[in-house]
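Here the structure is laid out as structure tokens; the discussion comes afterwards.
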Amino acid sequence: MPKLLSGAEIVFKALEDHNVEYVFGYPGGAVLPIYDELKNHKSIKHILARHEQGAGHAAEGYARSSGKPGVVLVTSGPGATNVVTALADAYMDSIPLVCISGQVPTHLIGTDAFQECDTTGITRPCTKYNWLVKDVNDLAKILHLAFEVATSGRPGPVLIDIPKDVQFKKGPYTVNKTKVSKSLNGSKAKENISDKKIDQLIEMMKKSSRPIFYTGGGIINSGPKASKLLRELVALTGFPITSTLQGLGAFPGSDSQFLGMLGMHGTYEANNAMHDCDLMINIGARFDDRITGKLDEFSPNSKKVHIDIDPSSIGKNVKVDLSFVSDVDIFLTSLISRFKSKNKNFVDINKNKIDKWWDQINKWRKKDSLGFKNSNSVIKPQYAVQRLYELTKNKETYITTEVGQHQMWAAQHYKFDEPNRWMTSGGLGTMGFGLPAAIGVQLAHPGKLVVDIAGEASVLMTMQEMSTAIQYKLPIKIFILNNEYMGMVRQWQELLHDKNYSESYTAALPDFVKLAEAYGCVGIRATKPSELDEKIKEMISINRPVIFDCLVDKMENCYPMIPSGKPHNQMILGPEEDKEEVSAEGKILV
């Protein structure tokens, strides 16, 4: 008969069995038995956030950069509701989190007790699965199941709500992990990738004269082997490749076959290639609206192939001609093996067709859609990101971001050559994500350079987490592109709302240098382009948390931009006075 343990002891035994190193959390009355047990488990380090949302985003940063699930521990009521934003963010971006929340004792559930809320009801839409544990005898099984659900199939967050009396009661602890049912992990069993189906794809690739690989975060979620296999496939075929925001780094951003990011703020060449291709091979992306633009005009003349681990993503937004439900790693292994055995001279055979396609792509590239007019008097935000990249590219650097213009400039101008180096809120677009995420990344990669490329409006939403960075001696760098506006809101107001800048000006900003000093970290300010390099080098050299206040052009807009409701080949390429409209045929009209 197994030894009986308290519910709190069972929680920590399960965390130990799943090799959890860090728990991000904030204590409260309904979860105190678990916090009391913490002292007996020295292998698990607790990171005290200053707000439960910060704890959740820190766990996301840890998970996204390490490939391991992040673990969050919060109390009932407001503790649980405060972490909902992070759960929704992780759900949208397929990040594995295990959130453990305290709950009022079982006999008080439903009585509107102090700090009671329906945590499972509230989090049901933004988790893969959640559980309210009413019997301590079920706790160990549910904890093991939770880790399996969070990390299997398409990864995502789960939540276990544990009433306070269950944390005290004693029950058995079992170590056998329960296999996940198809309904829980959100994915049916992966289909067998038959040679016949792979051959069908290879024939489509042979016939294509304008192919493109469209890649997403699923490649990174699949693990480092998938990124290596992707590079091999692209080299074997000679095809161009582009990426979503979340897929950056799966293929080297500095490689000549990479067309840059696509979508609303993607490059001219990537978006036009997606529009004009005759074969689109989507690997690990989900055809979201920021990529497709106007759906009924999205890549209208292409055959479409979709590879995704989640069958619900197949055909959800865009009808495809061929699909594979598979882990990217398994799919690429099968495709490359079959490809090599049947197509030893593929590049030579298809060279003439592919060369013509590359000629067209290179014509689009000559537009230099990421170009901007630099200045000697004011720091352009694009220039600031470029200088940050040049001065950090030879280091093992990890980048997080907040959400807004600065996020898009970072995606456009910072080249990621490796996976898991780019952590950003894509699907939910959560302002305040980057600073706490940087804390999680720094814990996952001690001694490495971690930079949050931030906007002043976003970073203020979770600025209290600088106190967390100080407490745990985490030398994160907060690189603020400070334009004194909610920049992306202001840009849309300028372009779409007749310059009615309603409530987008960030009034009464703090002095970020003094704020840094108040937290006990280092503050640096740059106001001129000429001083930028020296001050970025100073930031990098400091082995403490740094807030870098980079004052940039207040009215700079982020281009290219696909206006809402327009197809890929109708982009705004520059500021209003130099705007080049693109016709429906994809030709430039000056």
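In this structure, the side chains of Glu269 and Ser369 come closer than 4.5 Å at one or more pairs of heavy atoms. Side-chain contact between His413 and Leu370 is present, with heavy atoms from C-beta onward closer than 4.5 Å. Val20 places a side-chain heavy atom less than 4.5 Å from the side chain of Val23. Residues Ile198 and Phe339 fail the side-chain proximity criterion, which asks for heavy atoms closer than 4.5 Å. When side chains are defined from C-beta on, Met571 counts as touching Asn272, because their heavy atoms get closer than 4.5 Å. Side-chain contact check for Met488 versus Gln405: some heavy-atom pair is nearer than 4.5 Å. In this structure, the side chains of Cys99 and Pro157 stay at 4.5 Å or more apart for every pair of heavy atoms. Using a 4.5 Å cut-off on side-chain heavy atoms (C-beta onward), Asn19 and Lys68 make no contact.
Here the CD1-CG distance, from Ile291 to Leu262, works out to 4.0 Å after rounding to the nearest 0.5 Å. Interatomic distance, NZ of Lys319 versus CG of Leu295, reported as 14.0 Å (0.5 Å rounding). In this structure, the separation between CE on Met264 and SG on Cys558 is 10.5 Å, given to the nearest 0.5 Å. Atom NE2 of residue His57 and atom CE of residue Met461 lie 10.0 Å apart, to the nearest 0.5 angstrom. Taking OH of Tyr268 as the start and CD1 of Ile562 as the end, the distance is 12.0 Å to the nearest 0.5 Å. Here the CG atom belonging to Leu97 is positioned 10.0 Å from the CZ atom belonging to Phe24, to the nearest 0.5 angstrom.
Minimum heavy-atom separation, Thr462 to Leu435: O-CD1, 4.0 Å. The shortest non-hydrogen separation linking Phe239 to Val234 is O-CG1, 3.6 Å. Contact between Ile160 and Val133 at its shortest, heavy atoms only, is CG2-CG2, 3.6 Å. Considering all non-hydrogen atoms of both residues, Gln257 and Arg365 come closest at C-NH2, 4.3 Å. Here the closest heavy-atom approach between residue Leu248 and residue Ala411 is recorded as CD1-CB, 3.8 Å. The nearest pair of heavy atoms linking Ile453 to Ala410 is CD1-CB, 3.8 Å.
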Notebook entry, point to check: Which is it for Glu60 and Phe433 under the side chain to side chain contact (heavy atoms under 4.5 Å, CB included) test, yes or no, and what are the steps along the way?
Noted result: CA-CA 9 Å; Glu60 286 187 272; Phe433 170 87; 3.6 Å; yes
Checklist line | Intermediate values then yes/no, side chain to side chain contact (heavy atoms under 4.5 Å, CB included), Trp358 and Ile361 | finding: CA-CA 5 Å; Trp358 274 110; Ile361 289 170; 4.0 Å; yes
Notebook entry, point to check: Taking it one step at a time, do Asp329 and Ser222 satisfy side chain to side chain donor-acceptor pair (under 3.5 Å)?
Noted result: CA-CA 6 Å; Asp329 179 339; Ser222 185; 4.7 Å; no
Next item on the list: Go through Leu230 and Ile241 one step at a time and tell me if the side chain to side chain contact (heavy atoms under 4.5 Å, CB included) criterion holds.
Entry: CA-CA 10 Å; Leu230 176 67; Ile241 178 171; 3.9 Å; yes
Margin query: Walk me through whether Met274 and Met280 qualify under side chain to side chain contact (heavy atoms under 4.5 Å, CB included).
Written below: CA-CA 7 Å; Met274 282 283 279; Met280 176 194 301; 3.7 Å; yes
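Of the N and O atoms on the side chains of Asp161 and Thr120, not one donor lies less than 3.5 Å from an acceptor on the other residue. Side-chain N/O atoms of Ser194 and Lys196 include no donor and acceptor closer than 3.5 Å. Judged by distance alone, the side chains of Gln246 and Arg64 do bring a donor and an acceptor atom under 3.5 Å apart. When only modelled atom types and interatomic distance are considered, Ser94 and Arg154 share a side-chain donor-acceptor pair under 3.5 Å.
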Side-chain donor-acceptor pairs of residues 209-217 under 3.5 Å, sequence neighbours excluded:
{"from": "Ser209", "atom 1": "OG", "to": "Asp278", "atom 2": "OD2", "distance (Å)": "3.2"}
{"from": "Arg210", "atom 1": "NE", "to": "Asp276", "atom 2": "O", "distance (Å)": "2.7"}
{"from": "Arg210", "atom 1": "NH2", "to": "Asp276", "atom 2": "O", "distance (Å)": "3.4"}
{"from": "Tyr214", "atom 1": "OH", "to": "Phe287", "atom 2": "N", "distance (Å)": "3.2"}
{"from": "Thr215", "atom 1": "OG1", "to": "Thr242", "atom 2": "O", "distance (Å)": "2.8"}

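Salt-bridge check for Asp195 with Arg338: passed, with a basic side-chain N closer than 4.0 Å to an acidic carboxylate O. Salt-bridge formation is not detected for the pair Glu418/Arg421: no Lys NZ or Arg NE/NH1/NH2 atom is positioned less than 4.0 Å from an Asp or Glu carboxylate oxygen.
Of the possible donor and acceptor atoms, none in the side chain of Ser254 sits under 3.5 Å from a partner among the backbone N and O of Lys415. Side chain of Trp422 to main chain of Leu245: a donor-acceptor pair is present (N/O by atom type, distance under 3.5 Å, no hydrogens or angles). A donor-acceptor pair under 3.5 Å is absent between the side-chain atoms of Ser458 and the main chain of Ala454, judged by distance alone. Not one N or O on the side chain of His306 forms a donor-acceptor pair closer than 3.5 Å with the backbone of Val325. Panel note: side chain Asn271, backbone His568; no donor-acceptor pair is recorded below 3.5 Å. Ser227 places no side-chain N or O within donor-acceptor distance of the main-chain N or O of Pro419, the cut-off being under 3.5 Å. Using modelled atom types, no side-chain atom of Lys303 and backbone atom of Ile281 make a donor-acceptor pair closer than 3.5 Å. A donor-acceptor pair under 3.5 Å is absent between the side-chain atoms of Ser337 and the main chain of Thr333, judged by distance alone. Using a distance-only test at 3.5 Å, with no hydrogens or angles considered, a donor-acceptor pair links the side chain of Lys128 to the main chain of Val149. In this structure, the side chain of His275 does not engage the main chain of Ser299 through any donor-acceptor pair within 3.5 Å.
Between Tyr22 and Tyr62, the ring planes lie perpendicular to each other; the angle is over 60°, past the 30° to 60° tilted range.
Ser101 pairs with exactly one of Asn130, Val83, Ile162, Val74 by the side chain to side chain contact (heavy atoms under 4.5 Å, CB included) rule, that one being Val74.
For Phe147, the ring-ring contact (aromatic ring centres under 6.0 Å, His included) partners two or more places apart in sequence, or in a different chain, are His18.
Counting heavy atoms of neighbouring residues, nucleotides and ligands inside a 6.0 Å radius, atom NZ of Lys316 exceeds 12 of them. Around the CZ atom of Arg231, the shell of radius 6.0 Å holds more than 12 heavy atoms that belong to other residues, nucleotides or ligands.
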